Amino acid sequence: MAGTEPERDSRDDDRADVAGPEQNGASEFGRQLAAAAERAGLGGLARDETLTGRDLLGALGGVRGLAEAILPGLVFLVVYTFTKELVPALAASIGLAVLFTVVRLVRRSGPTQAIAGLIGVGASAALALWTGRAEDNYVLGFYTNAAYAVALLVSLLVRWPLIGLIVGFLVGDGTAWRSDRRKLRAMQFLTLVWLGLFAARLIVQVPFYFAGNVEALGATRLLMGVPLYALVLVFTWLVVRAVYPSSPRASE
């Protein structure tokens, strides 16, 4: 009848009630993830139209950040390989992490990353000292990679890929990418790629752990750490640029 509103299926209201809180919750979570990525130096990389070595280095934490991420593990591996002694290897690794943290504190140059690294190195060393097994220095890394892999997998299963949430808010697209099939598929694919990164680390390294091969475990940990992360980061940038050829800068 003219002048009357068409009847609405009550299920539409139910879906709206469910989608609203889900959308809001995902948006807030995405903002938090993007803020963390921004602090880590990934924001500029996501929005840049061209990729330079300087941009990539900044996204990896700069020279100092790379040193803090690589050298403690490298020193542990080298000292243990030549001495086969756990305590000196752990002492050298922890000592280097402490030095990095002190330098950050003295220069007041954002010590959060160094402190987090020191906590990680210290916790891993404590576990290795407690068990007396050098390979246990790498156990916490397994749990970290497994946690990231599970989070990424769950996000794919619920159709809110985490990489999409991060990228969307970094480039100012929010969650609008979910309504674009091409962008949604790209973000699902990238999330799968990052899931593969963390899963690959476990698949390759865990057998060395059970075999007690500390040298192989330490070497693959280093090779599959920053270098592999950098490769996946560059690949991610290429895909993001393909679906966001001229991204506006995020206003948030």
Side-chain angles (χ1 to χ4, degrees), residues 5-52 55-56 58-60 144-203 224 227-252:
E5 295 183 359
E7 293 184 5
R8 298 176 60 187
D9 189 333
S10 61
R11 289 174 297 180
D12 292 339
D13 293 328
D14 293 338
R15 283 193 292 268
D17 291 340
V18 173
E22 177 187 0
Q23 179 84 21
N24 293 336
S27 295
E28 180 57 31
F29 185 53
R31 289 189 185 93
Q32 294 175 4
L33 288 175
E38 194 78 58
R39 290 192 296 271
L42 298 177
L45 185 66
R47 295 184 292 267
D48 282 346
E49 301 298 329
T50 57
L51 179 63
T52 65
D55 292 333
L56 181 58
L60 295 174
T144 300
N145 283 290
Y148 281 127
V150 169
L152 290 164
L153 177 60
V154 170
S155 75
L156 284 171
L157 294 176
V158 300
R159 295 182 61 81
W160 281 96
L162 284 180
I163 301 304
L165 285 173
I166 296 172
V167 171
F169 281 97
L170 284 179
V171 302
D173 196 28
T175 58
W177 52 270
R178 292 189 78 243
S179 61
D180 184 318
R181 180 173 297 182
R182 181 168 176 261
K183 291 179 180 178
L184 175 59
R185 287 179 176 176
M187 296 309 143
Q188 289 173 326
F189 172 64
L190 285 177
T191 301
L192 186 61
V193 169
W194 282 94
L195 170 60
L197 164 67
F198 297 114
R201 288 175 175 173
L202 295 172
I203 292 170
M224 300 183 78
L228 187 57
Y229 173 79
L231 287 175
V232 175
L233 198 59
V234 171
F235 180 76
T236 301
W237 180 86
L238 292 172
V239 175
V240 170
R241 288 279 62 79
V243 295
Y244 290 101
S246 57
S247 305
R249 289 190 174 271
S251 58
E252 298 180 55

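Predicted model, so just to flag it, every value in this text is computed and none were measured. The chain is numbered in sequence order, starting from 1.
- Arg241 places a side-chain N or O within 3.5 Å of a backbone atom of Tyr244 that can act as its donor or acceptor partner.
- Judged by distance alone, the side chains of Trp160 and Thr175 never bring a donor and an acceptor atom under 3.5 Å apart.
- If you take CG on Leu192 and CG on Leu152, they are separated by 9.5 Å, rounding to the nearest 0.5 Å.
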TODO: May I have the step-by-step check of side chain to side chain contact (heavy atoms under 4.5 Å, CB included) for Val193 and Val232, ending in yes or no?
DONE: CA-CA 8 Å; Val193 169; Val232 175; 3.9 Å; yes
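- Val239 and Ala186 make their closest contact through CG1-CB, 4.2 Å (heavy atoms, listed as atom of the first residue, atom of the second, distance).
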Task: Criterion side chain to side chain contact (heavy atoms under 4.5 Å, CB included) on Phe235 and Leu190, from CA distance to verdict - done: CA-CA 9 Å; Phe235 180 76; Leu190 285 177; 4.2 Å; yes
TODO: Applying side chain to side chain contact (heavy atoms under 4.5 Å, CB included), run through Trp177 and Leu165 and close with a yes or a no.
DONE: CA-CA 9 Å; Trp177 52 270; Leu165 285 173; 4.3 Å; yes
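- Between the CE atom in Met187 and the CZ atom in Arg182 there is a gap of 9.5 Å [rounded to 0.5 Å].
- In terms of heavy-atom proximity, Leu56 sits nearest to Ala230 at CD1-O, 4.5 Å.
- For the pair Thr191 and Ser155, the tightest heavy-atom approach, listed with the atom from each and the gap, is CG2-OG, 3.7 Å.
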TODO: Step by step, work out the side chain to side chain contact (heavy atoms under 4.5 Å, CB included) result for Ile163 and Val240.
DONE: CA-CA 10 Å; Ile163 301 304; Val240 170; 6.0 Å; no
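- Aromatic ring pairs are classed by plane angle as parallel below 30°, tilted from 30° to 60° and perpendicular above 60°; the pair Trp194 and Tyr229 is perpendicular.
- Listed for the Arg159 side chain is no donor-acceptor partner under 3.5 Å among the backbone atoms of Leu184.
- Here Leu233 contributes atom CG and Leu228 contributes atom CG; the two are 11.0 Å apart, rounded to the nearest 0.5 Å.
- Contact record, Lys183 with Val243: CE-O, 3.6 Å, taken as the closest heavy-atom pair.
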